[in-house]
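Beneath this line is the structure, given in structure tokens, with notes to follow.
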Amino acid sequence: MLPKAYEPQEVEKKLAEKWQNAKLFAAKADPTKKPFVIVIPPPNITGALHMGHAFTNTLQDVLIRAHRMYGEDSYWVPGTDHGGIATQNVIEKKLAKEQHKTRHDLGREKFLEVVWEWYHECGNAIFDQFRKMGWALDLSDIRFTMDEKRARAVFECFKQWWEKKYIYRGKRLINWCVRCSTALSDIEVEHLPENGKLWHLRYKGEDGSEGIVIATTRPETIYADAAIAVNPKDERYKNMVGKKVIIPLANRAIPIIADEAVELEFGTGALKITPAHDATDYEVGKRHNLPIMTVINDKGKMINCPEKYNGMDRDVCRKETVKDLDAAGLLVKEEKYNHAVSKCYRCGSAIEPFMSEQWFVKMDELVKPVIKAAETEALKFHPDSWKKPFLNWMTNIQDWCISRQIWWGHRIPVWYCRHCSEKGLTFATDQQGKEQLTKVSFEDGAKPIVSFEKPAQCPHCHGTDLVQDPDVLDTWFSSALWPMSVFGWPEKTPEMAHFYPTSVMVTGYEILYLWVARMVLTGLDFTGKLPFKDVYLNGIVRDKSGQKMSKSKGNVIDPLDMTAKYGTDAVRFSLLMQAVPSKDIPYSEDSITGARNFCNKIYNASRFILMNMEGIKGPLAMPKQAKELADQWILDRYATAIKTAREGIEKYNLALTANTLYHFLWGDFCDWYIELAKQRFQTQEKQYVMALCVNILYNTLKALHPLIPFITEEIAASLRPFVDEKEQFLLNQKYPEFEESLLNEQAVKQMEIVQGVTKEIRTIRSQFNVPPGLKIKVILSADNENELSVVRAQAGYIKLMGKIEDLQIGVNQQKPKQTATATFGKMAIYIPLTGLIDFEKEKKRLEKDIAAAQANIASRQARLSQENFIKHAPQAQIDKTKAELVAAQTLLAQAQAALADLA
RNA sequence: GGGCAGUUGGCGCAGUGGUAGCGCGUCCGCCUCACACGCGGAAGGUCACAGGUUCAAAUCCUGUACUGCCCACCA
């Protein structure tokens, strides 16, 4: 005998291995079939996968599995991402913790070795999770954004864009993360609110006058001030423009200028201009030809400032400066001020706007076809509310800073001849005593040689002393090429020809700009084709109260803990039940138990059917004819469920698919059909009923397989001897088709009567505490035989489901004494309950019925008396309203009669 | 400052132009020979607010409020 509760752990382990060994998920590249392709958003190799991965990848898995079962050549391309700064940070932390070392203690080469080791370790852990989650990824065929082929793709892109002059070097104010010691692109900067302060500082006039008061949040940058700006329309300062004031503590004179950028209402209306440390100021400085002075270096330390502060940390300098200003009587006011501060998206430390020469990609040309694709909806967003933000971002795009001053990543494929580029190259000796190129300046004469490998010699002087650019590329640079590079682009591979473009990109909306936009851009630029036509944006998995999950908050739910506890299917299904496009989902262990219970329900229903299969020889074909109402009804429900389940998949609304199948299997099949079928198990119809049961169950398992692959595969294997199926794996079987011929509106209506009457009877049983085992007598009465035709025909169902011993059906039946009364449609339901009737309860019940009926009658009558309703509403609506009125009137009359009887 | 979502029973969410559903929770009764991870039943909502369109609006439009997110050079 099978255990009573489903135990997923063993089953899942066994099946996960079986699928991989059978190469079930491998690329087929079958030219006779329509390809359906998804490239996985490659997870960063920064550690274990989290709930967000579990969610987005499960969505993809469902699509991939469903389309495979639709008969398409579906292929889900697996891989991981090297994750640039994020990964480097993880390794640095690990080094510090385990060995108390920095990356500089190891040196670049050794550090990279350590990261590569980590990749193999972490990568394997990730692939293990892929397998455990049941994702249809071929684990023998994994890509990595830094492997040889992907590196080739990166180089090809760099080279072509260099030749087209899209890639260029530029010196400008960039976002610098002091902690990560690298430049960042604009979208890698987050603007987070912070409780800061606004300091009002006095800059005295050069002529000894009182000068001007400015407001700033960054007093430590006053040493780099190049001017004070006021709005040209500002009457307060009109006569001061052109005069000079003295920077406090620095004793340097700077001019007062007029610029539109200054807001009249903010602060004092006077703005200090610090071109080297603020983006707005940089622009103002450019307009007025102001000198650029840098007082904070790449480590966040003060430089070029009064001796006292030199070498100080910028935060310390801020405090000291404020203190000294106060002492000098130049601090006019200090007020609390909440404002947005730029933070590094990887480490959270404050971004320093920093003058630096970096590599950029010019965006204006590249972006044009992307905008067109989104506008014409050749590129379609799901939900389409993302179209507008996407276009908005694309139209206002800035050039992309692609160089990062870190070690882990694709090294910029540019070389310099030490002879020819001499003046543009700065070297330093690292802690291992090796000479390293630390800084490249094109302004000072560095001459680039673009090459994948180290060139044998300099093309100009034929010298052989060549060094590679020290920077690496933004991690999103290689990600941008992912939908092409996974197929071996730029090589003309068969995979590229067959699988590209892919079908849909499924990913979180938080990386729409960071990633999706750039894939579209590269795809269109290099292939002229969109890398995918559909973008399905999923939401974020949050905690129970809607908070983002984070380690620091301690509200993280680890998917592997949950799968170990409840089974992978339960975790998957709980996510899918809530998978409405773009919607964040609140998640807690509670949401998994519901899904786990469903899995158990499937298991037990299957177990029950299998138990009753004893002595029956398969295979049993799906019966073509319904023998009775329940059969017609369940076939209709089944067909409808399949139709809706497929619709959900097509519309990327997997919550619809999950909920539909859940309610069909549990609510319709188990609660009603199996219960009704039980009585036929002992009859000659057993073979027929079992054929219907086993086929409907089996097909429902198929329909559920993309969502919960393990339990469905496991059960289907036991059922297979009884159905007409040769294929071992569900994935290779056909997804159930919607069969319109199974729809039976009349059967559904009749069944609704059976269910409705049964429910009324059950309610009364429950209300008057009729012992569950006690069979009762029920009388069904109406004023004409026609109203009773269905219950007469289906009396057996009602007797069974209502636990009725004696069911009398007839026109205008006499109501016995001591009887509970209910109404369904135009039928009166009398249940004689001598000794069990509680008069107060019955009275209350009837009064409630009466009140409801009166309200219904009033609203229906009101509507039907409106001339416009009769004139404009469709006839069906009018008929429906009339029918509802009659039903309400019947209910009222019967309830009132019953109440009168009671008294 | 601009944009986008959301606002539905205690909680979390679905939902279609014809006066509302699901899961969890609550309450009552049941270990009914598949399942107590279960079965049966009940209570509980004027679908944020104000206008408008319509015979009819929770569902469409406009505005307001609140919440969340994204974008943006008010220091």
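So you know, we letter chains A, B, ... as the sequences are listed, proteins then strands, and number each from 1.
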Upstream residue (5' side of RNA chain B) when A:Gln767 and A:Asn612 are each assigned their closest nucleotide: A:Asn612
Any donor-acceptor N or O pair under 3.5 Å, side chains A:Asn600, A:Arg596: no
Nearest listed nucleotide, side chain of A:Lys848, among B:C55, B:G44, B:C4: B:G44
Sugar-phosphate, base or nothing in reach of A:Pro771, heavy atoms under 4.0 Å: nothing
Touch class at under 4.0 angstrom, heavy-atom based, for A:Trp666 against every strand present: sugar-phosphate
Counter-base of B:U64, judged by Watson-Crick or G-U geometry with both distances under 3.5 Å: B:A48
Sugar-phosphate only, base, or nothing, as touched by A:Cys670 at under 4.0 Å among non-hydrogen atoms: base
Charged N-O contact under 4.0 Å between A:Lys565 and A:Glu589: yes
Any-strand Watson-Crick or G-U partner of B:G38, both distances under 3.5 Å: B:C30
5'-most by nearest nucleotide on RNA chain B - A:Ser766 or A:Ala215: A:Ser766
A:Lys678 to A:Phe608, cation-pi by 6.0 Å centre distance and 45° axis angle: yes
Sugar-phosphate, base or nothing in reach of A:Pro389, heavy atoms under 4.0 Å: nothing
